[in-house]
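Data first, discussion second: the structure below is written as structure tokens.
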Amino acid sequence: MKVDVLLGLQWGDEGKGKVVDVLTPRYDVVSRFQGGPNAGHTLEFDGQKYVLRSIPSGIFQGGKINVIGNGVVLDPLLFKQEAEALAASGHDLTKRLLISKKAHLILPTHRMLDAANEAAKGDAKIGTTGKGIGPTYTDKISRNGVRVGDILHDFDKKYSQAKAKHESLLRALNYTYDITELEKEWLEGIEFLKQFTFIDSDYEINQYLKDGKSVLAEGAQGTMLDIDFGSYPFVTSSNTVCAGACTGLGIAPNKIGEVYGIFKAYCTRVGSGPFPTELFDETGDKLCVIGHEFGSVTGRKRRCGWIDLVALKYAIMIDGVTQLIMMKSDVMDTFETIKACVAYDIAGEETDRYPFEIDENVKPVYVELPGWQTDMTKMQSEDEFPEEFNQYLSFLEEQLQTPIKIVSVGPDRDQTIERYTEIEERRVGKEC
Ligand code: GDP
Ligand code: IMO
Ligand code: MG
């Protein structure tokens, strides 16, 4: 068996949580492979709404194994809050959630360092989620991290050593803080974690594959926030791209099967950083209001703009996407016309390459398409799609050379429409 990977192709919040939940019945195992509680994955079903941060989005479909992989960074306190909220709503995780011993722990002082680093950057701040993600991955790479498996091996010593290093860094940054209460709750989180099974997730996942079990790897953030390929330095600190599933789970590249790439029918971004198709007018406001574009973790207003096909093509190339999933097209149900950026104009030269540096000289080149002006939120099959919507899909498939296999027309699990049921005749462009 192979591992199928599901990834955001833009700047996060594409709707990954919803789709993982929808796809989970087809899999035996769902596993997160990178990121941490900077993620906020929203799922809606049976009139209920849930936001997951560290727990894989397969947790609501009964009987599936959910794994937090080695590439994830875990905050025991936030994890405890998340798990307790789920238990209170009738979803007990202890038997179904396995945690990699090699996942790194986010310490209270990592959160302080995140805040101190941002403060030191001033106007150039990244606009992080403030969850200590960057400092935790920094410690991992500089070989100073504390891992989940360490909780069972000389934890007190490892924790105090790491904390002491952080304290001296915070002093150097002149950052004043008080973590007394936070640390107390965090240590309760460490105790809470002990009721879960810590695993050698690399061996486990490979064994699942050998045993014929199907595995879905759930990405967090999005390709344009990748530490190597995103709009650096305005990125997160992990590899959000498909290759991250290999290092974040311990699976070989030849074990990757389908790569699902998720994108919104328009674009959003939270935090700082370049966004060539950003709209500062009433159309941007309309996308924000109708799409409820406010961060699920921080509540921050998301910046909104037209779809950027230059960035999307780049993401599809880096990730090796085999099928696309388009989200939130219903947000544009009332739009008379829709724009799509097909190239960038840089000082009079058009390019469809994502440039090294994006500044105010990079101007989007748009194609305008007719809107469908139809409420699609109750549609159940592609046969009901309006003509203009089909035109939009065909245009995107032509541009992106990849089939759009699923269209999401609302936040609920049931508002999901599969296309290409008679796959072979209608497959476009490239082989899946
Ligand atoms: P994730 O981080 O990729 O899982 O995405 P988020 O949950 O942060 O943000 C996506 C938001 O859009 C959530 O509030 C979802 O409930 C909502 N959503 C997902 N799919 C759709 C859709 O097709 N239409 C609409 N209107 N909302 C959607
Ligand atoms: P999901 O999984 C959207 C953004 C932050 C900031 C940058 C770095 O819900 O799609 P970090 O805290 O990671 O150091 O912040 O990355 N960011 C996200 N934006 N969705 C996310 O996750 C994000 N996780 C981080 O806003 O700009
Ligand atoms: Mg999100």
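Numbering starts at 1 and runs along the sequence shown.
With hydrogens and angles disregarded, no donor-acceptor distance shorter than 3.5 Å links the side chain of Glu349 to the backbone of Asp345.
Screening residues 256-282 for ring-ring contact (aromatic ring centres under 6.0 Å, His included), with sequence neighbours left out, gives Trp11-Phe275. For residues 324-343, the pairs satisfying side chain to side chain donor-acceptor pair (under 3.5 Å) are Glu293-Lys328, Asp333-Trp372, with sequence neighbours left out. For the side chain to side chain donor-acceptor pair (under 3.5 Å) condition, the pairs that include at least one residue of residues 278-289, sequence neighbours left out, are Glu278-Arg303.
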For a side-chain contact (heavy atoms from CB on, under 4.5 Å) check, start with the C-alpha distance between Val270 and Thr129, then their side-chain angles and the critical distance, and finish with the verdict.
CA-CA 9 Å; Val270 213; Thr129 57; over 6 Å; no

Verify side chain to side chain donor-acceptor pair (under 3.5 Å) between Lys16 and Ser57, making sure each step is shown before the conclusion.
CA-CA 8 Å; Lys16 299 174 289 292; Ser57 302; over 6 Å; no

Can Leu7 and Val241 be said to form a side-chain contact (heavy atoms from CB on, under 4.5 Å), step by step?
CA-CA 7 Å; Leu7 304 157; Val241 295; 5.8 Å; no

Where do Glu387 and Tyr392 land on the side chain to side chain donor-acceptor pair (under 3.5 Å) test, with the steps shown first?
CA-CA 9 Å; Glu387 181 50 32; Tyr392 188 53; over 6 Å; no

Determine, step by step, whether Asp139 and His110 satisfy the side chain to side chain donor-acceptor pair (under 3.5 Å) criterion, reporting the C-alpha distance in whole Å, the side-chain angles of both residues, the deciding distance to 0.1 Å, and the verdict.
CA-CA 9 Å; Asp139 271 354; His110 281 134; 2.8 Å; yes

Step by step, work out the side chain to side chain donor-acceptor pair (under 3.5 Å) result for Thr277 and Asp308.
CA-CA 7 Å; Thr277 61; Asp308 183 339; 4.7 Å; no

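Using modelled atom types and a 3.5 Å distance limit, the side chains of Glu388 and Gln373 yield no donor-acceptor pair. Side-chain contact of Asn38 with Gln221: a donor-acceptor pair under 3.5 Å is present, judged by distance alone. Donor-acceptor pairing under 3.5 Å is lacking for the side chains of Asp202 and Asn70. Thr24 and Gln61 share no side-chain donor-acceptor pair at under 3.5 Å.
Remark: Glu397 does not engage Lys405 in a salt bridge, criterion side-chain N to carboxylate O under 4.0 Å. A salt bridge is absent between Arg32 and Glu218; no separation between the charged side-chain nitrogens and carboxylate oxygens falls under 4.0 Å. Using a cut-off of 4.0 Å between Lys/Arg side-chain N and Asp/Glu carboxylate O, Lys80 and Glu84 are scored as salt-bridged. Residues Lys2 and Glu258 are not paired through a salt bridge, judged by the lack of any N-O separation under 4.0 Å between the basic side chain and the carboxylate. A salt bridge links Asp200 with Lys101: the closest approach of a Lys/Arg side-chain nitrogen to an acidic carboxylate oxygen falls below 4.0 angstrom. Salt bridge status for Asp13 with Lys264: absent, with no side-chain N to carboxylate O gap under 4.0 Å. Salt-bridge annotation for Arg413 and Asp21: present, with a side-chain N of the basic residue lying under 4.0 Å from a carboxylate O of the acidic one.
Aromatic ring orientation, Phe385 versus Phe389: perpendicular (interplanar angle above 60°, classes split at 30° and 60°). Using a 30° and 60° split on the angle between ring planes, Phe196 and Phe192 fall in the tilted class, from 30° to 60°. The aromatic rings of Phe60 and Tyr50 lie tilted to each other, with the angle between the two planes from 30° to 60°.
Here the two rings, on Tyr354 and Phe229, have centers that are 6.0 Å apart or farther.
The side chain to side chain contact (heavy atoms under 4.5 Å, CB included) with Leu23 is formed by just one residue from the set Asp4, Thr416, Leu6; it is Leu6.
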